[in-house]
Structures are given as C-alpha cells and as structure tokens.
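Naming: A, B, ... by sequence-line order, numbering from 1 per chain. Reckoned from all heavy atoms, side chains included, excluding hydrogens, waters and symmetry mates.
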Amino acid sequence: MIKVEEEVVETLKQTFTEYVVEAKVQREKRVTVVVKRERLVEIARFLRDNLQFDHIASVSGVDYPEKNEFMVVYHVWSIPKKVLVALKTSVPRDNPHLSSLISVWEGVNYFERETWEMFGIIFDGHPNLSRFLLPEDWDRGFPFRKDFKLRTKPE
Amino acid sequence: MSIMRVRWGPQHPVSGQWAFWLDVDGDIVVNMEPDIGYTHRGIEKVAENRTYIQNVPVVERTSVFDAGNIVFGYVQAVEELMGIEIPERAKYIRTIVGEMSRIVSHLYGLGLLAIAVGFETMLMWFINDRELFLDLFEMLTGARITYSFFIPGGVLHDLPQGFYDEAMRRLDYFERRLKDYWKMFFLNRTFITRTRGVGVLKREDAIRLGVVGPNLRASGVEADVRKDEPYAAYDQIDFIIPTEKEGDAYARGGVRFHELEQSVSIIRQALKKIPDGKIRVKVPITPTPPKGEAYSRVETARGEIGYYIISDGSNRPYRVKISAPSFRNLLAMPFLSRNVPMADIPTIYLSLDLIPLDVDR
Amino acid sequence: MNIETIIESLVALFINRPFIEMLIKVLIFPGLMFPLLFVVFAVWFERKLLAKVHLRIGPLHVGPGPLGGIFQLIADALKLLQKEIIVPYNAHKILYNILPLAMPMISLAAMAFIPVAPFPSVGPVDYLVVFYTPYNILVVLALFAIHPFLVIGVGWASGSKYTTMGALRAAYQLLAYEVPVMLSAACVVMVTGSFDLIKIVESQANIWYILLLPIAFLVFFVSMMAELGRRPFDIPHAEQEIVYGWATEFTGVHYVCVMFAEYVNLCVASCLVTLLFLGGWLGPVLPPAAWFLIKFGIVVVFFLMGRGVYPRLRIDQLLNAGWRILIPLALIQIFIILVLAKFAPWILPVTFVGG
Amino acid sequence: MMRKVEEWKEGRCRLFHFEIGKIQDWKPVKDLLNWARAWSLWSVHLCTGCCSPELMAVACSRFDAERFGTLPFPTLRECDLLFILGVVSEKMAKRVKITYEQMPEPKYVIALGDCAISGGLWWDSHNVVQGVDKIIPVDVYVPGCPPRPEAWIQGIRLLQKKIMEGR
C-alpha cells in the first residue's frame, strides 16, 4: 500500500542526493521532502515531468523567527498516482529570495503572490508581485509573520 | 480601436464581495484582472491566536455557504494531529451533514448560475428548495447555515427523534423537484444557447491551472477526494463521480446537478446504514496536540479544500493554512475571460462557482 | 360685451360635443388616463405574476385585501419623486435632464394615433382615436423607432461607462428587430391594402390575421418583445452584466420618466398586436371596447410572462436570430401571401393588387 | 431659491425641496411622503461579508422581503436602503463609504450581523473595521451571525416604523 510513496522518496533521494535534505513517508498518501532552495526549480520540474505530480494544492509560508528562517511548503497532488507531496524549502529571514515555480506549475501564481504579500518572501521570476488581499495603502508590514502582533483587547 | 477599463464591482448586482478590472473593446473583454481582498479577515492569522476548539467557528466563516464541509477538513486535520479515531456513528453523521451541506451549496451555486443568464425564476426555485435542507439543519444542529457542528472528536449532537422520517420525506420531494429542474433549466433552449461553448476549460488547462472540484470534473478529470482518499464513511457508501467532457459552463452546471442526485443517494444510504454507538470520543476542552503537522483534504462543494496545520505542542496552532477551493479556481477566471463578450463574464464567473469569501479568507 | 355673453361664448367654446368628445379621447380612454392606469396595473400585475411564478407572494401590505400591493407603484413613485436628483459630473447636463422627459412624451404621442373602438363622433371617423390619419400604422411605428435614439442619447449623455455600453447595445439591438417589425407589419398592410389601422381591423371580420398570417404574427410579436426590451431581449439593461444599462445613472424623477415610458411603450405595443393580428375590437355580444381590452390584456400577459420563463439572450445571438431567422421568416410570409394572391385569392379579405 | 439653483448646478438637489417648498411640511402631505418612503425601501446590492447567503433567503421565495416593498435593485441611484452584510474589511470600508455617498438622499442603513455592529468574531483581526458605524451612520442594528431571515425582516419593519414616525 505504501509502495508508491516509498518509490517517490527513493527516486528523489537517488536523483538529487545532495540537495534533498530529508525525504520521508509521513503516512499513507503523504510524502514530505525537504530540499535546498538552490535546486528547487529542478526538483519541482523533476517531480512534475518524471513523477507525475501535476496538480498544485497549496503554497504556504511558515515563519520561524527563532531559527531566523521562513519555511515555504509546496503541496502538490498527483492525479494519476493519488499521492500528495509536501515540498519544503527554507529561506533565510534577512534575505527572503526564492525562485518562483511558476514555470513549473502555473497554478502557483496566486499562491506565491499571497505568500509574498503576507510574509514578504520575494519570488524571483514571478510576473506580478503586487498588492492582492490587503488594502492598496497597507503599510503595517507583513501580517502573517510572527512578529506582527494582533491586538489583544477589543477596541 | 480603443480599450476602455471598466470596474466591475464590488457594488454590482452579481459581483459579490470583489471586483474585476475589465479591459473592454466594444463589447469584447480583452483582459480581466481580479481585484480581491474585500473580505480578507485574516482567518489564518486569527486562527493562530485561538485554541483548537475556538477555531471551529473561525474557519467555518471561510465559506458559510458550505459550512459543513469547510469545518470537516479542519476537524480532520486536528484529529490527525492528535491521533484520534472517531466513532463510526459520528462518521456517518458527518457524511450526512457534509452531503446536505453540499446540496445546499450546489443549489445556491446553480441559482447564481441561473441569475447570471438572467433567469430569476430558477434562482427562486433553487433557493426555495434550499430551505428544505436548511430546515433539516435547524432540526439537527439548531442553526440554519453556521452550525459549527463538527468538533475534534466527533459531532455535537446525535440525530434527533424523527429526523429519519423527515429527511426521507424531504429527499423524496426533492428528487421529484430535481426532475422538474432538469426539464425547466437544463433543457431550456435559451439556457443551452447561453452556456454551451462558453468558457471552455480544456483538460490540460484545468490541470495546469490547478482547478479543483466540479470545474475539474466538468473538464473530464475524474478527481474527487471522496474516492481518492475516502474519509468519514465514504468508503462504505456506493456512489459515482459525475464527469463531463466539454468543460464549458453548461458542463459545469451539469456536473453540479448530477452531484445533487448523487448526494441524495448518499444521504439515503447513510441514513439506512447508520450504526448505533457513541457520537464522539472524549477530547479535552483545550486540546494540546503533540508537535507535528497534518495536511487534510476534503471535497467541499466547490472542490477540494486543504488544511495544513502545524502544531508546536501548545494549545494554539502554530500555523493554519487554508487552501480554499475558490482561491484555486480563481486562476481560471482571467484565463477564461479573454476575448469573450461582456455578457459571458457573469456566466463564466458564476459557472466556476467562485465565492469571494472563500478566496479572501 | 357683458358677462353673460362671455359666459355664453365660453360655454359655446367648451360645452359642445366635439370638444367634450376630444376631452374624453385625449384625457380618458385612449389618451392620458388609460396609459396611466395601465402602468399602475401593469407594474402591480407584473410583480404579482412574477411572484407567483417564483413561488413568492410579491407586494402585499400596501393595498386592501386581495389587491394587496396595488399601491406599491404609487409608493414607489412618490418615494422616487422625493429622492435627491444627482447629475453625474461627467454628464452632458442639458441632454441628461431633457431626454428622459422626452421619452414618455414620445411614447404617449404614439397612443394618440391608435384607434381602440368604434364610437359615433363628430370627428373625421367614428372611432375612439385622438388623432386620425389614414397612415396611422406608419406613424406609430415611426414614433416607436425614435425611442432607441433617445436611449442612445441618454446613454451617452450620462457620461458613465455602463450607460455607454447599454446605449451601444440598444443601438445594436435596433439593427436586429427594426427590419422584422417593418416586414411583418408590411405583410398585414399588403393583405389589407391599406395603412389605416381601422381598415386593418375591419378587414379581419371573417378571419383574424393571427390565423391567416401566423408567421407574420410570430415575427411581429418576437421583434416587438425585442423592441420593448422585455426579458429574453432585455440586453440594453442586462442587470447582471452592465448594472442597469443606459438607465444606470438616473435618480428619482428621471427614472420615473424612463420607467413610465417603458410601460407606455408596452401598452402601445400590445395595442398594435391586438389591432394588427387579433381583430381589435371585433367580437360578439360584448361591447367593442370590452373586446379590445380583453384581447389587449391577454397580449400584455404574454409580454410580461417572458420575464418569468426565459433567460436572457446575448447580443450576438439576438442579431443572429434577427437576421437569420426573423427576416427570412417574414420574407417567407410575404412570399406565401403572393402565392395565395395568385392561386387562391378568395382567402384574402381584399382583392390583391397583384392578383 | 438661488441656493437651490446653485445646488442644481452642482448636480445634487431634491425636487420636493426645490419647487414645492412648504407643502411638504403640511402634516397630511408629510405623512403621505413618509408612508411612501417607508413602503418602498429599495435595497442596494452590496455584499460586504458572510451574511450574503441569508440575503438570498430574504429576497427569495420563503421569506420574500418584497412583501414589504423591499426590492433588491440593481443600480444604487434609486435605492434608499443599504444593507451592511456582515464583516467590513478595511479595503471594503472605503467602498462602503463611496457607495453610501453615491446613494441619493433620503437613505438608510441597516447593519446586519455581529461583525458589522462591533467586529464580532474578528475583534482582533488586522484587516477588519470594528463596527461599520465608524464609517457611516447606521439606523438599525440586527445582531446574529448571520441573523436569521426573520430578524432581517424585523429590522426592516423597525426601520419602517422609524420612518413613519418621522424620525
């Protein structure tokens, strides 16, 4: 039952030996892969072309201020294989640059735009990183970062 | 050749809570850009400041149109984090509520599709029959549309007395009505003229853009979370996934319509098969799941919703990412509305069944 | 010159048969009062009818008992008259204020040429008609044809994008329906051999034209629906697409005028259909005016029902329908008339010129 | 009179204030005008938040607000009732204000839902206006999340009462 998932993990480990930090089967139909951000685009393209991960499910940013890094998680579903892979990569908090995956999966377009707006992670190569969800004149920083505090008392 | 930039919303009869920028050449829309964020409440940020149980009504507001299925995903993710297995009876009740929620949402969506082509009567009929199921919800949960019925560990209440008979009676009536709808609405010549060949989304494009749910199935992809990784009681219930090949507005409406029929049959089966037993396992009032992460997928009415929850061992989630179906379908909207007549914009928008609440979160 | 002679001359001027007749014609039956009452009833009836189709109740609490909601239009109109008048910054101020007022006038002017029933009078004809001319069908259709140009005018003068789009759509729509209207009316005129609505009605004594010329009736009815902008063809103010089309910017008084003009147009169109195809006031037992009103009412219901049972067409589909279906159908009807005139002239009421 | 002409040139004026002058202060006329306003509350279609599914329910078959003359109308230039449907975000707040300003006088506002009244569930959110009455004046508040259709209709009735009493 777990066979497909393990196959994905093995293939990735063998193909990108140095760049895959960690790859494991989380549970049935869930695979987690942590990669280094330098080769993110190649790994993503490999996932799409060779392993049939074709359907983007979500892109989420996670803020770890104590580690001084952002984690960007791409969840990709494979329609033929019926497996979800979580492709994780970390970005330093001081210089949050990451190459955009829009050339691989076109569906990441708005997800990356949202992540840029909420976390300030700059996706190089993204065609249109402009205001999306927040008001046009927003100037209070990036709301989903952990150092953005919400009010604790009602007004 | 002059291009006029028109703003379409947020104060517009069908725009809902967002706006489009339309570049119009005469009556032809050459380019379209969504202008969203009008209902951005920061659910994901707010959810980091509440406990796991407090978050149930918060995530429900992602899309109150389909409240059952939206909470479903969140609750499942929390249960996965905590390693809880819920009782069988709770699974069946969840299935029933989820399918009723799907019916309610699809009726709303089909009503909006009808109003997009200017067919008020069908809107009224659909919304009228939506009340059938809202009454059932009221009987079961006490609220019409925002019931917060699922909690980590099970459901809040058991099926009330007389629910079985009442539900069966209403389902019988509803099935008769569905036949009328097919004749009145989907076989209406004018409706066919207005929706056939409008906003054609091909199979490859649909997958490339990451479109989900009925929109994906209308393009010929047989992808449904209920079959791909069955949750709740869906693995014990017999149903099919309706698909169409054309990928136009009519096909998208048709898929929704056939899903209504399937939902009715699922509710019937679930009501007949429902086992006795407990409806929830004991969960502390402020659950503290161990460190870890979970990604749960649930098929809502508008498509697959993904909850990515990271727990750091405290009683509040470290991060809740909601990958909402309308947000994923949104990318198809600018893609489809290039070089189409202005009159097709509402048809495309409402046939994709985009809900701004869901997009903005 | 004493006071008595003045009174006498005044009496002679006003209390005489032609003047009172004229007063009745102008103010009451075919004239002002009839369209006004018609509008009140039509709006109420439309809302109630639609509500019935929608499984609703409709306006209920203003008005007595079973006629609940009958005063809804009065409340609406009084409310609209109280509303602030906003002239948009971009608008052409003069045209924006004048053209909406011109609309109901032109619509009412068309009413003046429509004969509704025989009535022994001193005028040129013994019929209830405000102004008689033997070419009245031409005049009515011509007055109808002015309306779209006013629409284009106000759409442009409002200076908003949506109104401009609505106006352009009205202009497109004009292309689709104007020719079929004329052609199908021409069928009737050909068969009758006269442009006079009175003669047209009287030539239907044996057989109504709806039976003799069914295709022409269909074409005329459908293109009249397009001309009025009723539901399957309400493209110029498609509310789901362009808010309210050319009437988007109107407040209060302007909107009252526009709405009034639309319903008066509906009244004129229903009169035309009744006269041209349903035999006008002809009918047994009941008085002619009653027959006219009954038929008229039925036609109005059919016009109003469109909103309950049809989705809206797209502008290119309407143009297709106009040019590819309605015009050929009208031409086929003309051809059939010619064939009938050649081979079976006894069917036609009037000896045909070419026959 | 001159002031009115100036107003006309500016583009905003009211007919009943323009020519008829004092007649509207005469009690029967005043009552009639108030009656007309109360029974013909056309509503603007502006969805701000999550109460919009209940708007459908109110406008459609079962609850049918048209019984009370409340007709959802496509263009706001003839409307006099603005429903604030739930949460108002900061981006939407500007549009709500613009919409309110574009509506011609007399105009009324009903704030529906806890979020529109006080921020409700989103009291700590970074993008939500804490109560719509910070932006525009509100006539009637209807609590609930979302309010039941019956509560909406009660809100409409309250507003009618308020208008008929001339307040």
Heavy-atom proximity to chain D below 4.5 Å, by part of [X]:
X	value
Y162(C)	neither
L55(C)	both
A247(C)	backbone

Between [options], the one whose heavy-atom pairs under 4.5 Å with chain D are most numerous:
options	value
Q72(C), H54(C), H61(C)	H61(C)
E249(C), K79(C), R47(C)	K79(C)
Y244(C), Y255(C), Y96(C)	Y255(C)

Between E78(D) and K83(C), does any NZ, NE, NH1 or NH2 come within less than 4.0 Å of an OD or OE carboxylate oxygen?
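Salt bridge between K83(C) and E78(D), a charged N being under 4.0 Å from a carboxylate O: no.
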Counting only non-hydrogen atoms closer than 4.5 Å, does [X] touch chain C with its backbone (N, CA, C, O), its side chain (CB onward), both, or neither?
X	answer
F63(D)	neither
L41(D)	neither
W39(D)	both

Less than 3.5 Å apart, any donor N or O on the side chain of Y263(C) or E46(C) sitting next to an acceptor on the other?
yes
Y108(D) side chain to R37(D) side chain, donor-acceptor N/O pair below 3.5 angstrom:
yes
State yes or no: are the ring centers of F296(C) and F38(C) separated by less than 6.0 Å?
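Yes: the rings meet the under 6.0 Å criterion.
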What heavy-atom pair brings S270(C) and F303(C) nearest, and what distance separates the two atoms?
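Closest heavy-atom pair between S270(C) and F303(C): OG-CD1, 3.6 Å.
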May I ask you to test the F250(C)-C257(C) pair for a side-chain heavy-atom distance under 4.5 Å?
no
Under 3.5 Å, side chain of T248(C) to main-chain N/O of T163(C), donor-acceptor pair present?
no
